[in-house]
Number of protein chains: 2
Amino acid sequence: MPRAKGREPLTLVRIVDAALALVDERGLDALTMRRLGGVLGVDPMAVYYHVADKRTLLGHLVDAVFADLDPPAGIEDWREQVRAWARAYRDLALAHPNLVLQLFSYREAVAAAAARADPPLRAAVGASGLPPADVEAAGDLVVDYVHGYVLGEASAPPAARGDGTGFEAVLDLIVTGIEARALTSSTTPRRRRAKQPAR
Amino acid sequence: MPRAKGREPLTLVRIVDAALALVDERGLDALTMRRLGGVLGVDPMAVYYHVADKRTLLGHLVDAVFADLDPPAGIEDWREQVRAWARAYRDLALAHPNLVLQLFSYREAVAAAAARADPPLRAAVGASGLPPADVEAAGDLVVDYVHGYVLGEASAPPAARGDGTGFEAVLDLIVTGIEARALTSSTTPRRRRAKQPAR
DNA sequence: ACCTGAACACCGTTCAAGT
DNA sequence: ACCTGAACACCGTTCAAGT
């Protein structure tokens with residue numbers, strides 16, 4: 001039984017766990033291939049056997065965080081579904097404040113997560129009675145608002161993190177907007193849109 | 001007249017201009033103190049005479065970009081004021097896509113820019129007839145939505161940048177929400193807010 | 001006053017080598 | 001199959017020295 005004693009072998013999940021802990025506890029800059037080898041008790045270059053380079057390692061971190069996202073089910077009212085979705089997404093991101101910038105800027109990882117996480121949101125918004133064109137805008141609004149909110153919270157010093165009442169007030173406003181739009185567009189034609197500037 | 005010939009002396013603005021050009025043309029990672037010295041035709045360490053360290057240099061870049069923000073004036077309708085503000089802010093940020101992450105995560109610089117740029121937005125939202133408590137939420141919604149939108153656009157490959165119609169559709173929705181909320185809150189008491197989750 | 005150049009303590013990554 | 005260790009080409013920053 002070789003390897004029965006001594007440390008267990010490196011695996012991708014052990015690497016990702018250690019890297020995430022490093023980022024959470026000491027910041028993104030503290031994640032160094034060499035330091036990572038150190039906390040894993042291994043030669044710094046051993047990680048390269050399991051991971052192509054640092055960028056793909058960061059991709060794995062983002063995947064791991066997004067994997068924890070599962071929007072709550074069993075809610076009837078579409079308004080509460082939208083709110084619950086937004087809260088779950090916010091909490092997911094704020095669980096790793098030092099990683100949020102990576103989280104929202106890694107195109108591929110965000111797209112993959114969206115494929116899993118977005119449909120419930122879109123379904124909830126769709127149940128409001130909005131016409132399809134507005135469903136897209138409303139979903140985008142929720143997603144982008146959460147991104148913006150989380151970005152602000154994550155870059156604030158931990159002591160100054162908000163209590164979430166502002167977040168709830170904005171959700172109220174978004175829901176009100178969807179309701180109002182759903183009503184007006186079922187009775188009157190879509191209102192004219194202001195023309196865009198050149199660029 | 002010493003220095004009449006030879007290159008002109010380094011200044012902070014020359015340094016910031018060169019650094020911004022480097023970031024715009026070659027990405028954030030290309031901004032290196034050594035490379036910056038190179039494009040300025042100077043010893044890499046000369047920059048340190050004018051700037052404490054790289055972090056404060058980045059702060060100067062953020063300041064320089066935000067300095068270009070002046071929301072359009074002379075608009076009557078609050079709805080168009082809100083839209084114009086959001087477009088101006090978006091365009092400002094997307095003019096330097098490689099810097100947006102820094103742009104929105106440098107607390108102090110954002111706060112300073114906000115002090116100049118925010119009041120017109122808050123005034124516009126205030127003119128909608130919303131009660132003060134909702135004015136804050138509505139302003140936050142616009143700011144955070146633009147942040148989220150820009151973050152998504154900036155991390156998309158240039159070819160895939162949107163045409164802005166999605167942005168306009170969301171602005172419509174936000175304005176609709178503000179209008180609806182202004183109407184209902186002038187006639188009925190504020191609707192009950194869903195209670196918050198533990199964390 | 002303003003810039004230079006050597007030096008220090010780091011990086012990410014490669015590659016041949018060990019077991 | 002999995003890990004090591006030397007090596008390479010970079011980093012940011014300090015500090016004494018030049019003009």
Side-chain angles (χ1 to χ4, degrees), chain A residues 1-63 98-99 101-102 105-106 109, chain B residues 1-63 98-99 101-102 105-106 109:
Chain A
M1 50 199 311
R3 173 188 305 138
K5 66 176 55 177
R7 55 177 197 278
E8 63 267 54
L10 231 43
T11 61
L12 184 57
V13 302
R14 276 188 62 217
I15 291 171
V16 168
D17 285 352
L20 201 49
L22 220 36
V23 171
D24 285 343
E25 289 160 22
R26 308 180 50 187
L28 194 58
D29 289 347
L31 177 57
T32 264
M33 298 303 272
R34 296 169 127 97
R35 191 138 38 190
L36 183 56
V39 313
L40 287 165
V42 106
D43 184 279
M45 300 306 114
V47 174
Y48 281 96
Y49 183 79
H50 301 269
V51 149
D53 56 16
K54 190 176 181 179
R55 195 186 142 78
T56 81
L57 173 60
L58 280 169
H60 285 300
L61 295 200
V62 174
D63 288 342
N98 297 331
L99 200 68
L101 259 57
Q102 300 294 327
S105 52
Y106 261 80
Chain B
M1 52 201 309
R3 171 186 307 136
K5 66 175 51 175
R7 54 175 199 279
E8 62 268 54
L10 230 43
T11 60
L12 184 57
V13 302
R14 277 187 63 216
I15 291 171
V16 169
D17 285 352
L20 201 48
L22 220 37
V23 171
D24 284 343
E25 289 160 22
R26 309 181 49 188
L28 194 58
D29 289 346
L31 177 57
T32 267
M33 297 304 271
R34 295 169 127 96
R35 189 140 38 191
L36 183 56
V39 314
L40 287 166
V42 105
D43 183 281
M45 300 305 115
V47 174
Y48 281 96
Y49 183 79
H50 300 270
V51 148
D53 56 16
K54 190 177 182 179
R55 195 186 142 76
T56 80
L57 173 59
L58 280 169
H60 285 301
L61 295 200
V62 173
D63 287 342
N98 297 332
L99 200 68
L101 259 55
Q102 300 294 327
S105 50
Y106 261 81

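Letters A, B, ... are given to chains in the order of the sequence lines, protein chains preceding strands, and every chain is numbered from 1.
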In whole angstrom, give the distance that lies between atom [atom1] of [X] and atom [atom2] of [N].
{"X": "B:Asp43", "N": "D:dT19", "atom1": "CG", "atom2": "C1'", "result": "14 Å"}
{"X": "A:Leu40", "N": "D:dC2", "atom1": "CG", "atom2": "C1'", "result": "14 Å"}
{"X": "A:Leu12", "N": "D:dC2", "atom1": "CG", "atom2": "C1'", "result": "15 Å"}
{"X": "A:Tyr49", "N": "D:dG5", "atom1": "OH", "atom2": "P", "result": "18 Å"}

Could you pull out every donor-acceptor pair under 3.5 Å between side chains of residues 19-38 of chain B and any protein atom, sequence neighbours left out?
residue, atom, partner, partner atom, Å
B:Asp24, OD1, B:His96, ND1, 3.0
B:Asp24, OD2, B:His96, ND1, 2.9
B:Arg35, NE, B:Ala30, O, 3.1

(message) With side chain to side chain contact (heavy atoms under 4.5 Å, CB included) as the test, pick out the partner of B:Leu58 among B:Thr56, B:Val62, B:Leu61.
(response)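 Result for side chain to side chain contact (heavy atoms under 4.5 Å, CB included) with B:Leu58: B:Leu61.
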(request) Using both pair distances under 3.5 Å as the test, note the stems of at least 3 consecutive Watson-Crick or G-U pairs that include DNA chain D. (result)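 For DNA chain D the paired stretches long enough to count as stems (3 pairs minimum) are C:4-8 with D:12-16, C:12-16 with D:4-8.
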Give each protein N/O atom lying under 3.5 Å from an N/O atom of nucleotides 11-14 of chain D, with the pair distance.
residue, atom, partner, partner atom, Å
D:dG12, OP1, B:Met33, N, 3.4
D:dG12, OP1, B:Lys54, NZ, 3.0
D:dG12, OP2, B:Met33, N, 3.0
D:dG12, N7, B:Arg34, NH1, 2.2
D:dG12, O6, B:Arg34, NH1, 3.1
D:dG12, O6, B:Arg34, NH2, 3.3
D:dT13, OP2, B:Tyr48, OH, 2.9
D:dT13, OP2, B:Lys54, N, 2.9

(message) Using OP1 and OP2 only, check whether a side-chain N or O of B:His50 sits under 4.0 Å from C:dC3.
(response)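 Looking at the OP1 and OP2 atoms of C:dC3, one of them is under 4.0 Å from a side-chain N or O of B:His50.
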(message) Rounded to the nearest 0.5 Å, what separates atom CZ in A:Arg14 from atom CD in A:Glu8?
(response)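 One finds 4.5 Å between CZ of A:Arg14 and CD of A:Glu8.
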(request) Working to the nearest 0.5 Å, report the span between CG of B:Leu99 and OH of B:Tyr106. (result)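 Between atom CG of B:Leu99 and atom OH of B:Tyr106 there are 9.5 Å.
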(request) Could you pull out the closest heavy-atom pair between B:Val16 and B:His60, with the gap in Å? (result)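 Heavy atoms only, the tightest pair is CG2-CB, 3.8 Å.
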